[in-house]
Amino acid sequence: MMPLPQISIRSQAGRIGISTEPGQYDIRTRPAAMQIETTPPAFTADNGSGTLVIDKTLTDNALTGGKPEAFWQRIYSQYQQVARQNLERIVAEGNEAGDLRIKGNVIASQALDEYLEGAPDLQVFGFAAPDNTKISYTPRDLNMEFIPGSKNVDIRPSKPEIEYRRGSVNVYMQQYPNVTVTAPSINIMA
């Protein structure tokens, strides 16, 4: 059996080419005209000198005994304590002298103790301390005044200059469509 001949068909699609050139804008602007007027702000501040107080009363009391009133007041205020101690000592010595169980001369022993003890210890001067001198500073109130400034701005804008150049579009056939039909070769001799 003989094969049947076949027809060959080949096609080629068409292609369209497009080339474009874009349009262009030219925009030119001039800077805006601007005028600015300002008034600077004013600020004033006045607070003068404050008050400085130095109290060295405690220092004077510790070094020299202080003013006479304070000196004698310090001494007199201690006599109440000295009198109370003396009363306690007299009562204790009286109890000791009246105690018959104690052997020896109690009064002579008490007199010797009194002689060796001496006068009462009184604090004549004030206490010495690093913070005896008191320093205080009171600042004056700050007097401030602020006058705000002003600003006046005048702007005159300029219009832009716009120019447009048109682009182009070119359409062309880049490849034409094509169909090729090939007939089979037929051998008639066979």
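- A continuous path of ILVMFWY side-chain contacts below 4.5 Å connects Val82 to Phe71, so both sit in one hydrophobic cluster.
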Expected list for residues 171-183: side-chain donor-acceptor pairs under 3.5 angstrom, two or more places apart:
from: Gln175; atom 1: OE1; to: Gln12; atom 2: NE2; distance (Å): 3.4
from: Gln175; atom 1: OE1; to: Arg15; atom 2: NE; distance (Å): 3.4
from: Gln175; atom 1: OE1; to: Arg15; atom 2: NH2; distance (Å): 2.6
from: Gln175; atom 1: NE2; to: Ala13; atom 2: O; distance (Å): 3.1

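- Within 6.0 Å of atom CD1 in Ile7, 12 or fewer heavy atoms from other residues, nucleotides or ligands are found, so the atom counts as exposed in its surroundings.
- Residue-environment remark: CD (Glu161) exceeds the threshold of 12 foreign heavy atoms within 6.0 Å.
- Applying the side chain to side chain donor-acceptor pair (under 3.5 Å) test to Asp46 and every residue at least two apart in sequence or in another chain returns nothing.
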Run the side-chain donor-acceptor check on residues 138-158: report pairs under 3.5 Å with partners two or more places apart or on a different chain.
from: Ser150; atom 1: OG; to: Thr39; atom 2: OG1; distance (Å): 3.3
from: Ser158; atom 1: OG; to: Arg30; atom 2: O; distance (Å): 2.4

Side-chain donor-acceptor pairs under 3.5 Å in residues 128-137, sequence neighbours left out?
from: Asn132; atom 1: ND2; to: Phe127; atom 2: O; distance (Å): 2.8
from: Thr133; atom 1: OG1; to: Thr59; atom 2: OG1; distance (Å): 2.7
from: Lys134; atom 1: NZ; to: Asp131; atom 2: O; distance (Å): 3.0
from: Tyr137; atom 1: OH; to: Gly50; atom 2: N; distance (Å): 3.2

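- Identified under the salt bridge (Lys or Arg N to Asp or Glu O under 4.0 Å) test for residues 16-26, with sequence neighbours left out: Asp26-Arg165.
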Would you check, one step at a time, whether the test side-chain contact (heavy atoms from CB on, under 4.5 Å) holds for Arg28 with Glu163?
CA-CA 9 Å; Arg28 287 181 293 282; Glu163 183 182 332; 3.8 Å; yes

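- Here Gln78 contributes atom CD and Arg74 contributes atom CZ; the two are 8.0 Å apart, rounded to the nearest 0.5 Å.
- With sequence neighbours excluded, the residues that form a salt bridge (Lys or Arg N to Asp or Glu O under 4.0 Å) with Lys56 are Asp60.
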